[in-house]
Amino acid sequence: NPIMYRPSSFRNLALKNLSQWITGRSQKITREITIKVDYSVDFEALKDLCYEAFDGMQVELLTPEVTNYFWESPYRILEISNFWDYAVEYKLFYTVTSAFYIFKAERLLNEYLLRLQKEKNIYFSTPDLIDIQKK
């Protein structure tokens with residue numbers, strides 16, 4: 001049998017699942033982005049690139065008005081996650097305090113990461129997408 005939801009009920013249910021049951025703006029939602037780069041890339045240069053992208057995303061989200069979408073002292077950290085044959089895998093963790101802006105924040109952060117890697121000549125590794133050895 002189909003289950004009918006009112007639009008407001010469905011929106012609230014989706015936001016509860018999205019925010020991992022966090023309510024209000026007093027708690028933080030931790031998000032992460034996986035980044036793989038070549039072994040020759042300096043960690044400090046990559047960290048500067050990621051933090052600059054985060055700052056740009058945060059400024060763009062907060063420009064129209066003063067909001068509380070980020071914690072008073074924004075949390076952002078870059079950690080080594082794994083070592084692959086072709087690249088080092090890093091995870092960039094950051095926090096948002098509003099579930100409404102999770103997707104917008106991720107989209108903006110990805111845009112800034114793409115723009116800054118071109119400017120700083122640090123490129124992320126994605127050889128998984130193409131396998132030249134196959135037919």
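- Partners of Tyr90 by ring-ring contact (aromatic ring centres under 6.0 Å, His included), not counting sequence neighbours, listed by chain and number: Phe43.
- The pair Asp42-Lys47 does not count as a salt bridge, with every side-chain nitrogen at least 4.0 angstrom from each carboxylate oxygen.
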- [ ] Check the pair Tyr75 / Tyr94 against side-chain contact (heavy atoms from CB on, under 4.5 Å), numbers first and verdict last.
- [x] CA-CA 5 Å; Tyr75 175 79; Tyr94 64 96; 5.6 Å; no
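- In this view, Asn82 satisfies the side chain to side chain donor-acceptor pair (under 3.5 Å) rule with no residue, not counting sequence neighbours.
- The side-chain tip of Arg76 points at the ring of Tyr51 from less than 6.0 angstrom away and within 45° of straight on.
- Residue pairs meeting the salt bridge (Lys or Arg N to Asp or Glu O under 4.0 Å) criterion with at least one partner in residues 79-88, sequence neighbours excluded, do not occur; the list is empty.
- For the atom pair Met57 CE and Phe54 CZ, the distance stands at 4.5 Å (nearest 0.5 Å).
- For Asn110, there are no side chain to side chain donor-acceptor pair (under 3.5 Å) partners, not counting sequence neighbours.
- Counting heavy atoms from C-beta on, the side chains of Leu92 and Leu109 come closer than 4.5 Å.
- Across all their heavy atoms, Ala87 and Lys36 have their closest contact at CB-CB, 4.1 Å.
- By the side chain to side chain donor-acceptor pair (under 3.5 Å) test, Glu89 is found to be paired with Ser81, Trp84, residues two or more places apart in sequence or in another chain being considered.
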- [ ] Could you walk me through whether Tyr39 and Phe83 pass the side-chain contact (heavy atoms from CB on, under 4.5 Å) test, one step at a time?
- [x] CA-CA 9 Å; Tyr39 279 93; Phe83 295 96; 3.5 Å; yes
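- Applying the salt bridge (charged side-chain N to carboxylate O under 4.0 Å, His left out) rule to Lys91 yields the partners Glu32; only residues at least two apart in sequence or on another chain are considered.
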Anything under 3.5 Å between a donor and an acceptor, one on a side chain of residues 113-124, the other on a protein residue two or more places apart or in another chain? List them.
unit_1, atom_1, unit_2, atom_2, d
Gln117, OE1, Phe124, N, 2.9
Lys120, NZ, Glu52, OE1, 3.1

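- Here CG of Leu49 is found 12.5 Å from CD of Glu44. Values are rounded to the nearest 0.5 Å.
- For Asp48, there are no salt bridge (charged side-chain N to carboxylate O under 4.0 Å, His left out) partners at least two apart in sequence or on another chain.
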